[in-house]
Amino acid sequence: MQLVDNETFLKQLSTLFESSAKSGSIWLTHKRLTYEDGDAHMSSGPDDTKEFPCLVRATDGNEAKFSTVVQPSDLGRFHASYGNILKSSMNALRKRDKKREKQRAEEAARKKRRLQEEIVIEGAKRGKGRHKRQRKIKAALKLEESKKKAQERDEAKARAKAS
């Protein structure tokens, strides 16, 4: 990861946003930088008056990886510029297609309900109503098969989650 100064970081970040405007993702991290070894612990002791610099990282997951260290005195100015870049880059984001998501959720709920329903097989074994009975038997067999597949899928998900 390349450590650059604040201005260079902001320039590289804006070019990174421009290059990934059509497709791609960008990951930004922002955290307090401590120079001490080990984990940083939050305490209410005499360390409260200390000011720590911030480490800001940006990557696109592939070749572009860069970071900067922002000193506490420069933090306000940096955040103003950083915020402007983020606001100007957010208009390139695609809106979620909520209508399609809602349709998929409704269809999944409908399929689940259909799996819960039992098919009542009625009608004559011979004569009038025979074809209707045969269709219901076929639908019942298909439903049982779908239930088995759904149960296997759920078990596979549970196993994958457990491991």
Side-chain angles (χ1 to χ4, degrees), residues 1-118 142-163:
M1 182 155 303
Q2 181 183 16
L3 185 66
V4 295
D5 64 296
N6 297 346
E7 294 301 317
T8 309
F9 178 84
L10 294 171
K11 287 177 187 172
Q12 287 182 347
L13 184 62
S14 60
T15 56
L16 185 62
F17 273 121
E18 288 170 8
S19 66
S20 65
K22 297 280 184 198
S23 66
S25 300
I26 295 175
W27 289 269
L28 300 169
T29 58
H30 190 134
K31 67 180 197 176
R32 184 178 92 172
L33 181 67
T34 58
Y35 295 110
E36 303 162 0
D37 289 339
D39 293 335
H41 297 287
M42 301 301 280
S43 64
S44 59
D47 294 341
D48 285 346
T49 58
K50 280 188 182 177
E51 290 186 346
F52 292 97
C54 291
L55 178 65
V56 184
R57 294 182 184 141
T59 182
D60 64 351
N62 295 328
E63 66 273 347
K65 294 180 182 179
F66 48 93
S67 62
T68 187
V69 176
V70 183
Q71 296 302 322
S73 58
D74 301 332
L75 199 57
R77 194 171 343 110
F78 178 80
H79 272 293
S81 303
Y82 183 66
N84 288 336
I85 290 173
L86 291 179
K87 286 177 191 172
S88 65
S89 303
M90 292 298 168
N91 62 3
L93 294 176
R94 287 177 284 152
K95 288 189 175 181
R96 285 179 25 200
D97 191 359
K98 293 180 184 176
K99 185 177 179 182
R100 186 170 287 162
E101 287 178 14
K102 186 177 178 183
Q103 285 176 345
R104 286 182 182 152
E106 287 174 354
E107 191 162 326
R110 223 179 294 123
K111 282 182 181 180
K112 246 184 182 175
R113 265 188 266 121
R114 230 181 281 139
L115 283 177
Q116 299 302 322
E117 293 175 359
E118 290 296 323
K142 194 173 182 180
L143 180 67
E144 287 299 321
E145 190 176 310
S146 297
K147 283 182 182 179
K148 285 179 185 176
K149 284 183 181 179
Q151 187 178 7
E152 288 173 3
R153 246 182 292 143
D154 292 342
E155 289 173 359
K157 283 182 185 177
R159 274 187 259 129
K161 208 176 208 182
S163 57

Do the non-hydrogen side-chain atoms of [X] and [Y] ever get within less than 4.5 Å of each other?
X     : Y      : value
Lys99 : Gln103 : yes
Ser67 : Leu55  : yes
Thr59 : Trp27  : yes
Leu10 : Phe78  : yes

In Å, rounded to the nearest 0.5 Å, how long is the span from [atom1] of [X] to [atom2] of [Y]?
X      : Y      : atom1 : atom2 : result
Asp60  : Leu16  : CG    : CG    : 5.5 Å
Leu86  : Leu13  : CG    : CG    : 6.5 Å
Arg159 : Lys157 : CZ    : NZ    : 13.0 Å
Asn84  : His79  : CG    : NE2   : 12.5 Å
Leu75  : Cys54  : CG    : SG    : 5.0 Å

| Could you walk me through whether Tyr82 and Leu28 pass the side-chain contact (heavy atoms from CB on, under 4.5 Å) check? | CA-CA 11 Å; Tyr82 183 66; Leu28 300 169; 3.7 Å; yes

| note | Residues at least two apart in sequence or cross-chain that pass side chain to side chain contact (heavy atoms under 4.5 Å, CB included) with Glu101, listed by chain then number, are Arg96

| request: Check side chain to side chain contact (heavy atoms under 4.5 Å, CB included) between Arg110 and all other residues, then give those that pass, not counting sequence neighbours. | output: Glu106, Glu107, Arg113, Arg114

| said: Run the salt bridge (Lys or Arg N to Asp or Glu O under 4.0 Å) test against Arg57 and tell me which residues pass, sequence neighbours left out. | reply: none

| message | Under the rule for salt bridge (Lys or Arg N to Asp or Glu O under 4.0 Å), what residues qualify as partners of Asp74, not counting sequence neighbours? | response |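 Counting only residues at least two positions away or on another chain, Asp74 forms a salt bridge (Lys or Arg N to Asp or Glu O under 4.0 Å) with Arg77.
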
Acceptor/donor pairs from residues 143-156 side chains to any protein atom, 3.5 angstrom cut, sequence neighbours excluded:
residue: Ser146; atom: OG; partner: Lys142; partner atom: O; Å: 3.1
residue: Lys147; atom: NZ; partner: Leu115; partner atom: O; Å: 3.4
residue: Lys147; atom: NZ; partner: Glu118; partner atom: OE2; Å: 2.9

| message | For a quick test of reading the model, state the closest non-hydrogen atom pair linking Pro72 to Pro53 and the distance between them. | response |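 Closest approach of Pro72 to Pro53, heavy atoms only: CD-CA, 4.0 Å.
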
| said: So which atom in Phe17 and which in Ile85 form the shortest heavy-atom distance, rounded to 0.1 Å? | reply: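 Closest approach of Phe17 to Ile85: CD1-CG2, 4.0 Å.
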
| query | Is there any side chain to side chain donor-acceptor pair (under 3.5 Å) pair reaching into residues 1-18, and which pairs are they, with sequence neighbours excluded? | reply | Asp5-Thr8, Asn6-Thr68

